[in-house]
Amino acid sequence: MKHVIPKTYKEALEHLSEGTYKVLAGGTDLMVKNRSWSETPARFKQDMLYIHNLDELRYVEDKGDHLAIGALTDYETLLRHEAVPKVLKDCLIEIAGPAIRKVGTLAGNIGNASPAADGVLLLYLLDAQLVIERKGARREALIDDVITGPGKTTLSNEEMIKEIRLPKSTFTKTQFLKVGGRKADAISKVAFAGAVRIEDGIVKDLRMAIGAVNVTVVRLREVEKLHTGETISAVQDSIVSIKNAYVPHIKPIDDQRSNRVYRKRVAFNMIEDFIMNMHIQD
Amino acid sequence: MKTKKDISESIRKVDSEEKISGRAPYTSDISVEGMLYAKTVRSPIARGVIKNVKLPDMPEGYYTVDASDIPSRNVVSMIYEDWPVFAEKEVNFIGEPIMLIVGPDKETVMNLADNVEIDYEEKNPVFDFSNSGVRLHFDKGDVVNAFERAAKTIEYEYETGYQEQAYIEPQGFVGYIEDGGYTLVGSIQCPYYVKNAVMDTMGEDEDKVRVIQAPVGGAFGGKEEFPSVTACQLAVALKKIQKPIKFIYEREEDMETTTKRHPSKTKMEAALDEHNNIIGMRSRIGLDGGAYIGLSGVVLSRGMLAVTNAYTIDNLDVHGDVFLTNTVPNGAFRGFGAPQMIFAIEMFIHHIAKDIGEDPYVFRKRHMVKQGDKTSTSGTFRDPIILDDMIQKAVEISNYHDKAKAYEDRDTYKGIGMSWFLHGCGFTGSGESDIIKANVKLRKDDEDNVHILVAAVDMGQGPKTTFRKLVADILDVPIEQVTFNYPDTRYVPDSGPTVASRTMMVVGGLLARAAKTLKEDWKEGEEQTVVKQYEQPDYVEWDQDTMRGDAYPAYSWGVNVVEVEVSKVTYEVTVTNAWSIYDLGKAIDERIVMGQADGGQAQGIAYGYLEVMNHENGKLKQKNMTDYIIPTSVDVPKMENHIMDNPYPLGPYGAKGVGELTLVGGAPAVALAIEQAIGRKVRKIPATPESIMELIDNG
Ligand SMILES: Cc1cc2nc3c(=O)[nH]c(=O)nc-3n(C[C@H](O)[C@H](O)[C@H](O)COP(=O)(O)OP(=O)(O)OC[C@H]3O[C@@H](n4cnc5c(N)ncnc54)[C@H](O)[C@@H]3O)c2cc1C
C-alpha cells in the first residue's frame with residue numbers, strides 16, 4: 001500500500017490521475033473510520049494521498065458575488081473569518097469540539113457524505129457551488145448534484161474538490177437547529193437550517209434544509225419557490241400544505257442515536273417553528 | 001500563638017501537578033524491556049457451545065493462552081464465584097473472553113487474533129427477567145396487616161437503564177515475573193481483590209503475587225471487581241510465557257465487554273390509611289445481572305436497603321432478584337444499587353402525593369426520618385439527623401417554592417425537582433468486621449518521616465492528599481514529613497477495597513487512631529511502627545440471613561435541587577441550575593469534597609436524562625464515546641453546593657462517606673424537574689427527548 005504526500009496541488013492531481021487514492025484532508029473522518037489498536041497504523045484499505053500540507057488550498061476570498069473557500073480551510077479559520085455568513089458560523093460552532101474544528105474541513109464533510117453532516121446541510125442552504133478538478137479539467141456543480149447518498153458522491157477517483165463557492169445572499173432571519181445527544185460535540189440526530197428574506201411583508205427568498213432524515217439533505221426548492229412572493233401570513237396560513245409537501249421526503253431511520261418517530265416529529269416541528277416565527281427577528 | 005487551621009480548609013491536591021503536567025505514569029505509559037502485547041479473542045455470539053477452535057499458523061514467539069493453561073481454578077474469585085477466567089465450553093455473552101494472543105508485534109498479534117476461527121453451536125439467549133440467580137428478601141413490621149387495614153393502595157413500576165463508568169483510561173495491566181512470582185501493575189481500585197483472585201486462579205501463595213496500583217484516572221466502581229478478571233488472565237499468560245506482557249483494553253473493547261450499572265425494574269405498592277399516611281409498602285426489585293453474578297448480589301442488597309430512602313415506613317416487605325441474562329456482566333458503579341432504588345422511591349413518593357392530591361413537599365416532609373426512627377431493616381438511626389435544616393437551606397438558595405409554583409403553568413415548559421436521600425457508609429452489615437477486617441500501618445523511619453501504609457487507592461477522589469493531611473494534622477508535623485505512595489501489596493497491609501464510600505470514614509478512621517498512638521509514643525530518631533485493625537462499633541447488630549439490624553454504622557445525607565427547561569420543538573432538556581446540600585460529617589478537605597459534589601451530580605443528573613445505553617440481542621448499541629453520551633461542560637449547569645457539618649463520633653474529625661452520596665440523588669431530581677415541565681409522570685430513566693415526546697403524546 002502506498003502513502004503519498006504531494007508537495008503541490010498540481011502534483012496531487014497528477015497522482016490522482018495515475019492511481020486510485022483516498023484523499024486525506026483533516027483526517028477527522030478517515031482516521032476514525034480506519035481506527036486500529038493503539039500504537040499501530042490506521043487500517044486504511046487503499047493507497048493514501050495526504051493533502052493536509054497543501055497550503056495553497058487554504059484561503060477564504062471575497063469575490064464580490066460569492067465567497068471562495070479553499071478546500072483545506074479548517075472550521076476554526078472559517079469561524080474567525082468576517083466574510084463567512086452568520087448562519088454558517090452558527091452551524092460550525094456546533095460541529096465537534098475545538099481540536100477537531102482546528103483540522104476538519106468542509107470538503108471532508110462533503111467527501112464523507114454522511115446524511116447527518118452539519119456542514120453539508122448549510123452548503124445546501126447556501127446554494128454552494130463546488131469547484132471540482134482533475135488533471136487538465138475542471139467542473140462546477142451545485143452541492144445537491146454532487147452528493148448522491150450516504151458516503152456517495154459523483155466525484156471520480158481522479159477528481160478532488162478544490163474550492164467551495166458560496167453565492168452572496170441577504171437574509172432577514174436565519175436559523176440553525178442541531179439536535180444532538182447533548183449540547184456540544186455530538187453527531188446530529190436531526191438538524192435544520194432555514195433562511196428567509198422578507199421585504200415589506202413579502203417573502204422574497206425562503207430556504208429550508210433538513211439533515212439526517214433521508215439519504216441526503218432534504219431541500220425542496222419547488223416548495224420554497226411556490227411560496228416566494230407571498231405575504232408572511234399567506235405563507236404561514238399554508239403551513240399544513242407546506243408540511244405535507246415534505247412528508248414523502250422525511251424518511252428517517254432507527255439507530256443507536258435516536259429513532260424514526262422522534263426524528264420525523266422533530267423535523268416537522270422545526271419546519272413549523274421556522275415558518276411560524278420567520279417574521280420575528282432574533 | 002498560631003491557632004490550628006480547621007481541617008476542612010483546603011490545601012493543594014498533592015498529585016495535581018504530576019497529573020496536569022502529564023508526568024504521572026499511567027499503566028499505558030509503562031514499558032518493560034522485552035515486553036509482549038496481549039489481545040483477547042472473544043465470543044461473537046450471546047450464547048452457545050464451543051465446538052471447534054482453529055488457530056492460524058502461529059509464528060515463532062507468538063502464543064495463545066486459554067483455559068487449558070490455568071494452573072488451578074478457572075474461576076475469578078470475587079464475592080460470588082461463577083465468572084470464568086476464560087470461557088471453556090460455553091459462551092454466555094457477546095464479547096466473552098476465550099483466549100489471549102500474545103506476542104512482540106502488535107499488528108501481528110491483532111491479525112492473529114482476527115484469524116482465530118471458532119465454531120459454535122448456538123443456543124437461545126435469555127434477555128428477559130426470568131432466570132433469577134440471586135434472590136433476597138427482608139421485611140419489617142407486619143405488612144399483611146398494613147395492607148388489610150389500608151384505606152387505599154397505590155402501585156407504580158419504575159425502570160432504569162445501563163450506565164457506563166466512562167473512566168478516563170481503559171482497563172489495563174502490565175505484568176512481569178519477579179523472583180518466580182507474578183507482579184501486576186495496573187489501573188485498579190482494590191489491590192487485594194486482584195491479589196486474592198490471582199492467588200486463587202494460580203494456586204499460588206501470598207508471596208508469589210504482587211499487585212501495584214498505577215496512577216488511576218477514574219474508576220467509579222468499574223475497577224472494583226473487573227480488573228480481577230484481566231489480572232487472572234494475565235497471570236496465566238505470564239506463567240506460560242515467562243516474559244513481561246502489556247495487556248490494555250481499547251476504549252471500544254472496554255465499553256463493550258466490562259461491567260456497567262445494572263438496568264433495573266422496580267415495582268412499589270403503598271398502603272395508605274384514611275389520613276393519607278403510608279402505613280406499609282411492598283417492593284420488588286429486579287436487576288439485570290448479565291451473564292455472571294459476580295458482585296451483583298451485593299449490589300442488589302444495597303439497593304434493597306435503600307428502599308425507603310429517607311422516609312420512615314413501619315411495615316415493609318422487600319423482595320429482590322438478580323436475573324441472569326446473556327449480556328455483559330454488570331457490576332460495581334458509584335452508588336452500588338442505590339441510584340436505581342432512590343430514583344424509584346423518590347418518584348413513587350411524589351406519584352402517591354399527586355394521586356391523592358396532596359402537595360408532594362408536605363407529604364414527603366410528613367414521612368421523613370427522624371433521629372431514633374427504625375431503618376428499613378429495623379436498625380436505628382442513632383446519630384443526629386439534620387436533613388430538615390439541609391432542606392430548608394436548599395429551598396432558600398434555589399427559591400424552590402416560588403419556582404415550583406410558577407412552573408405549574410405548563411406553557412413555561414420549565415420544572416424544578418428536589419430529591420433528598422441518604423447513603424449508608426462503608427460495607428453493608430457486618431462486612432467490615434467479618435469479611436474485610438481492615439488493617440492499616442503507620443511506619444516512622446529514623447529520620448522521623450512517617451509512611452502511610454494502606455491499600456486505599458487514589459483514583460482522583462483525593463486520599464493521596466487527605467490521608468497525608470489527616471495524619472500530619474494529628475501528628476502536628478508538616479505534610480511533607482508524611483508520605484503515601486501508590487499501594488504495593490508487598491508493603492501495605494490489606495486495608496480493604498477502595499469502595500463503598502469507606503475510604504475516609506473507615507481507613508482514614510484507622511489511620512487517625514494509628515496517628516494518635518504514634519503521637520503519644522513518639523520517639524525522635526527511632527523507627528516505629530503502629531498497626532490498627534478495624535473493630536465494629538459495639539452497637540451495630542446485623543443478621544445477614546434475615547437482613548435485619550443496623551445495615552450501616554453511619555449515614556451521609558443529601559439534598560439535590562435541579563431546574564430544567566424542555567424544548568417544545570425538540571423535547572431536549574436543558575439543565576439550567578443545580579443546587580445541593582450535603583451532610584458528610586466533616587470535610588477533611590473542602591475543595592476535594594466540592595470536586596466530588598460537582599462530579600457526582602454531573603454523573604447522577606446525566607444518569608437521569610442523558611446517558612443512553614441499550615442492547616439489541618445482547619449487543620450493546622452505544623459502544624464508544626461518540627455514541628455513549630456523557631455530559632460536556634456545556635451540558636453541566638451552574639451548580640451551587642454546600643456542606644453542613646454534622647460530625648460522626650467514630651469518623652476521623654467526624655468524617656463520613658462522600659463519594660457515592662453526591663451521585664445517588666441526581667437522577668430523581670432531574671426526573672422530577674422534567675416531570676413538572678411536561679406535566680407527565682416520569683417512570684423510566686434516562687428521560688430522553690424521545691421518551692419525553694412519547695410521554696407528552698401518551699401520558
Ligand atoms: C470527535 C468528532 C466529532 C465530530 N463532530 C461532527 C459534527 O458535529 N458534525 C459533523 O458534520 N461532523 C462531525 N465530525 C466529522 C468530521 O469532523 C467532519 O466530517 C469533517 O468535516 C471532515 O473533514 P476532514 O478534513 O477531517 O475529512 P477527512 O477525514 O480527511 O476526509 C473525509 C472524506 O472526504 C474526502 N475528502 C477530503 N478532502 C477532500 C477533497 N478536497 N476533495 C475530495 N474529497 C475529499 C476524503 O477522501 C474522505 O472520504 C466529527 C468527527 C469527530 C472525530
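Every chain is numbered from 1, with letters handed out A, B, ... down the list of sequences.
For A/Ala184 against B/Asp635, the heavy-atom pair with the smallest separation is N-OD2, 4.2 Å. Heavy atoms only, all atoms of each residue included: A/Lys178 and B/Glu572 are closest at O-OE2, 4.2 Å.
Counted within 6.0 Å of NZ on A/Lys45, heavy atoms from surrounding residues, nucleotides or ligands total more than 12; the atom is thus considered enclosed. The 12-atom threshold is exceeded at NZ of B/Lys568, counting heavy atoms of other residues, nucleotides or ligands nearer than 6.0 Å. The neighbour count for A/Lys173 NZ, taken as heavy atoms of other residues, nucleotides or ligands under 6.0 Å away, is above 12. Other residues, nucleotides and ligands contribute more than 12 heavy atoms inside 6.0 Å of the CE atom of A/Met276.
For the atom pair A/Met270 CE and B/Ser567 OG, the distance stands at 9.5 Å (nearest 0.5 Å). For the atom pair OH of A/Tyr262 and CE of B/Met693, the computed distance is 8.0 Å after rounding to the nearest 0.5 Å.
Both the backbone and the side chain of B/Glu107 come within contact range of chain A, with heavy atoms under 4.5 Å apart. Interface remark: A/Arg182 contributes backbone and side-chain atoms alike to the contact with chain B (heavy atom separation under 4.5 Å). With a 4.5 angstrom heavy-atom cutoff, A/Val190 does not touch chain B via any of its atoms. Residue contact with chain A, scored on non-hydrogen atoms closer than 4.5 Å, involves the backbone and the side chain of B/Met110 alike. Using a 4.5 Å cut-off between heavy atoms, A/Arg35 contacts chain B through its side chain alone, with no backbone atom that close. At a 4.5 Å heavy-atom cutoff, B/Thr688 makes no contact with chain A through either its backbone or its side chain. For B/Asn624, the part lying under 4.5 angstrom from a heavy atom of chain A is the side chain only.
Remark: the B/Thr570 side chain and the A/Lys189 side chain contain no N/O donor-acceptor pair separated by less than 3.5 Å. Side chains of B/Asp627 and A/Gln256: a donor-acceptor N/O pair is present below 3.5 angstrom, by distance only.
With contacts defined as side-chain heavy-atom distances shorter than 4.5 Å, the pair A/Ser38/B/Lys106 qualifies. For the pair B/Tyr571 and A/Val179, the minimum side-chain heavy-atom distance is 4.5 Å or more. Counting heavy atoms from C-beta outward, B/Asp697 and A/Arg265 have side chains that approach closer than 4.5 Å.
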Steps toward side chain to side chain contact (heavy atoms under 4.5 Å, CB included) verdict (A/Lys183, B/Thr574): CA-CA 9 Å; A/Lys183 300 213 171 292; B/Thr574 302; 3.0 Å; yes
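Between chain B and the residues A/Gly97, A/Ala186, A/Ala267, A/Pro41, the most heavy-atom pairs under 4.5 angstrom are made by A/Pro41.
Applying a 4.5 Å heavy-atom cutoff, the residues of residues 603-623 of chain B that approach chain A are B/Leu610, B/Lys621, B/Gln622.
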